[in-house]
Amino acid sequence: AVLGVSACTSDPSAQRVAEDLVRTLAQDFPEIEECMLEVVGSYDLNDIGDNARNENPEISGPAQAELAEFEADLAACDPDGLVTSGTTP
């Protein structure tokens with residue numbers, strides 16, 4: 001019971017949030033969803049996010065570059081902008 005309570009009150013990881021967003025936004029486009037989930041799984045979003053917010057530019061700079069690469073890889077899964085255009089079809 002304690003495990004269930006702690007799991008319910010803990011914040012989801014950046015990885016989990018990204019997976020949930022992809023599943024929600026791309027649910028009508030299974031091929032895009034699968035590609036995006038593979039991209040999400042290939043990055044350690046928890047570390048990238050923590051490092052991108054670091055005040056030391058030697059840490060944040062490479063992390064921000066990796067974050068930009070991640071965003072580009074996600075967009076490459078959706079070349080027609082069906083999911084990533086930011087508009088509702």
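Everything numeric here is computed off the predicted structure, so don't read it as measured data.
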Could you list the donor-acceptor pairs under 3.5 angstrom formed by side chains in residues 67-78, with sequence neighbours left out?
unit_1: Glu69; atom_1: OE2; unit_2: Tyr43; atom_2: OH; d: 3.2
unit_1: Asp73; atom_1: OD2; unit_2: Tyr43; atom_2: OH; d: 2.4
unit_1: Asp78; atom_1: OD1; unit_2: Gly81; atom_2: N; d: 3.3
unit_1: Asp78; atom_1: OD1; unit_2: Leu82; atom_2: N; d: 2.8
unit_1: Asp78; atom_1: OD2; unit_2: Leu82; atom_2: N; d: 3.1
unit_1: Asp78; atom_1: OD2; unit_2: Val83; atom_2: N; d: 2.5
unit_1: Asp78; atom_1: OD2; unit_2: Thr84; atom_2: N; d: 2.7
unit_1: Asp78; atom_1: OD2; unit_2: Thr84; atom_2: OG1; d: 3.0

Q. Counting only N and O atoms by type, is there a donor-acceptor contact under 3.5 Å from the side chain of Gln15 to the main-chain atoms of Val40?
A. yes
Q: Could you tell me which non-hydrogen atom of Pro57 sits nearest to which non-hydrogen atom of Pro62, and how far apart they are?
A: O-CD, 3.8 Å
Q: Would you please name every residue forming a salt bridge (charged side-chain N to carboxylate O under 4.0 Å, His left out) with Asp50, sequence neighbours left out?
A: Arg53
(Q) Applying side-chain hydrogen bond (donor to acceptor under 3.5 Å, both in side chains) as the test, list every pair that has at least one member in residues 55-68; sequence neighbours left out. (A) none
Q. Which heavy atom in Asn51 sits nearest to a heavy atom in Ala63, and how many Å separate them?
A. CB-CB, 3.5 Å
Anything under 3.5 Å between a donor and an acceptor, one on a side chain of residues 20-33, the other on a protein residue two or more places apart or in another chain? List them.
unit_1: Asp20; atom_1: OD1; unit_2: Arg16; atom_2: NE; d: 3.3
unit_1: Asp20; atom_1: OD2; unit_2: Arg16; atom_2: NE; d: 3.4
unit_1: Thr24; atom_1: OG1; unit_2: Asp20; atom_2: O; d: 2.9

